[in-house]
Protein chains: 2
Amino acid sequence: MKCRVCREPAIIDIRRHNANFCADHFLRLCRDQTQKAIDEFAMIERGERCLVAVSGGKDSLAVWDILIELGYEADGLYLGLGIGEYSDESGAFARAFAAERGLRLIEIDLPTHYGYDIPRGAKAARRAPCSACGLSKRHLFDQAAIDGGYDVVVTGHNLDDEAAVLFGNVLRWQTDYLGRQLPVLPARDGFPRKVKPLVRLGEREMAAYCVVRGIDYIVEECPMAVGNKHLGYKEALNAIEAQSPGSKHSFYFEFLAKASAHFRPEAEGDQADLVACERCGAPTTNEVCAFCRLVERAGGTPPEAGHAVAHADGSVAVHLGGTRRAPAPAAPVELPTGSQVGSQVGSQVEAEVPA
Amino acid sequence: MKCRVCREPAIIDIRRHNANFCADHFLRLCRDQTQKAIDEFAMIERGERCLVAVSGGKDSLAVWDILIELGYEADGLYLGLGIGEYSDESGAFARAFAAERGLRLIEIDLPTHYGYDIPRGAKAARRAPCSACGLSKRHLFDQAAIDGGYDVVVTGHNLDDEAAVLFGNVLRWQTDYLGRQLPVLPARDGFPRKVKPLVRLGEREMAAYCVVRGIDYIVEECPMAVGNKHLGYKEALNAIEAQSPGSKHSFYFEFLAKASAHFRPEAEGDQADLVACERCGAPTTNEVCAFCRLVERAGGTPPEAGHAVAHADGSVAVHLGGTRRAPAPAAPVELPTGSQVGSQVGSQVEAEVPA
């Protein structure tokens, strides 16, 4: 097995490319594919400030690493979800990654800053854990980006993630979600731009990337996600991919090229008038946004305006809150392209930070 | 486990209905669901003449049986594909079914009447066997229906078949096929109406139906189909269905309700001007239709006009050919709704007779 580029011994085969790569050329492939996605979908301009949603898993640490390697300006945001040991360990991986590289890591801890955690909060709010988690992440990443003056929120969703979400959306033909499942969601009043630079790379490649780069990450799946439908969709697609390499890629990219626009009207139909949440100011279609309702039902305490905690390792924990404001009800509303609208959350896993 | 209707001991559970049924009420369910599909999609009017595409498998024999039970007028058409023992046995099951019930079975035998069989023909024509088979079936069923004055061609595609075809079509986002994947394809000049009355019933139910009704059918999969993609799609969807009963039903019926119409323009775009095939007269977009090209490349011999062979069991073998005529090139062409257009065949399994 030889590297396609240099004919030296290869360390990985990528069946959908029908090619093998040595370590150096594999890393180059990952960077090239990321740059290609960024350019193809106009995700990030040079000089823009990126906020990377960091979970401590392979994808989010890899995308942060690649963005830095490609010369982009990128800070990280880690959200402590209060999921027992899983959160303790994933936070430690995120902090170690940032500290070793002298990168800035913002931290928000749900139990400390909002008075609830995902397991108890989801139960109290009668939501599936992945649903409560996704809602919390979307809200807090958006808010942190707006408050911190970032141009764009970056998530580590890879091709496997996007293909599985797409599969879930077509299984129920959720045409509004289909109309919004894009690798870039443009900024709108009150919402930052969101991008997924890893859509051209698979889960297996991202694990290999971290191994080759010496990035330690949390390997375990989140214990709350075990057995969820999303993982079932991934398994089904893996079986298809094994039968026909390249199936996931064509499923996702042919969707973008040939079908996505068909569902735009349904996505636009969801863009009801946005108002500012009475409590936190975030854009919402209700008086109180879905996040504030979740916090309330979970018995949490939405905090006052932000404070920051400096860590010994040079990373920074910032508590954010209350500074975002949605447009007044009468303000013109742009093309709706995201699963960003208050309680109109996407499929429950659509905007989560991948493992 | 008790019957939902009468509380007597049940013989089958249907998880997507969250219900169990005794033999009698299970048969009633199958008939009711078939009638519901017929009515919902205006498949067959009372008094119309149906031609059932019979393979000798559970689905085609079941749909024929159910149509007769429901009071429809239905003859059968069996196509001998020349696939060794599989064809010998499947033909015997079809003949026995018809003879026991005094039903009329038309037979066309590819080796006898057209001088080729699927295994050698596909190889010679450099087509996948399932592709050559599907093309042959579509052409000969259409022609037999037109020549025999039938109002509608009935196939035994069940929910599992349709969901798997849909999955294959969305995996590649073949928007033209998506725009034509309907349970009813209206008649157009030169093409008969085609309907799939079993779309509300699953594969497992059809096997159970045959067992309960004492219908002997060929259990083996076609040996040419083993390992094909279509079966892989079925397996993947079975895994999803096991996780979430009802997934196949919602995948297919939500598609029809919410997404199908979006792809109509692509399906219409495929409806190029139809002309009559120089050789057989069937409607085609080329000078010579895809079937006649297949026969030629397979080394076969398109026959002269039809002759019929009466079997001892009362069934009838009819050889059909050369009487169908497409509209002149300038004739107006109706809304295109089928995977019926000459070489513009649907996905390779789209219009096959199911097992």
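In what follows, chains are A, B, ... by sequence order, proteins preceding strands, each numbered from 1.
Residue contact with chain B, scored on non-hydrogen atoms closer than 4.5 Å, is absent for A:Tyr252. Looking at B:Leu178, neither its backbone nor its side chain comes within 4.5 Å of chain A, counting heavy atoms on both sides.
For the atom pair CD of A:Gln174 and CD of B:Glu254, the computed distance is 9.0 Å after rounding to the nearest 0.5 Å. Rounding to the nearest 0.5 angstrom, the gap separating the CZ atom in A:Phe251 from the CZ atom in B:Arg172 is 11.5 Å. Atoms CH2 and CG, on A:Trp173 and B:Leu256 in that order, are 10.0 Å from each other to the nearest 0.5 Å.
For chain B, the option among A:Ala239, A:Ala257, A:Gly232 with the highest count of heavy-atom pairs below 4.5 Å is A:Gly232. Between chain B and the options A:Asn238, A:Ile240, A:Leu237, heavy-atom pairs under 4.5 Å are most frequent for A:Ile240.
Between A:Phe167 and B:Phe167, the ring centre distance stays below 6.0 Å.
Contact annotation for residues 241-248 of chain B against chain A (heavy-atom separation below 4.5 Å, listed by residue number): B:Gln243, B:Ser244, B:Ser247.
Shown here is B:Asn18, whose CG atom has no more than 12 heavy atoms of other residues, nucleotides or ligands within 6.0 Å.
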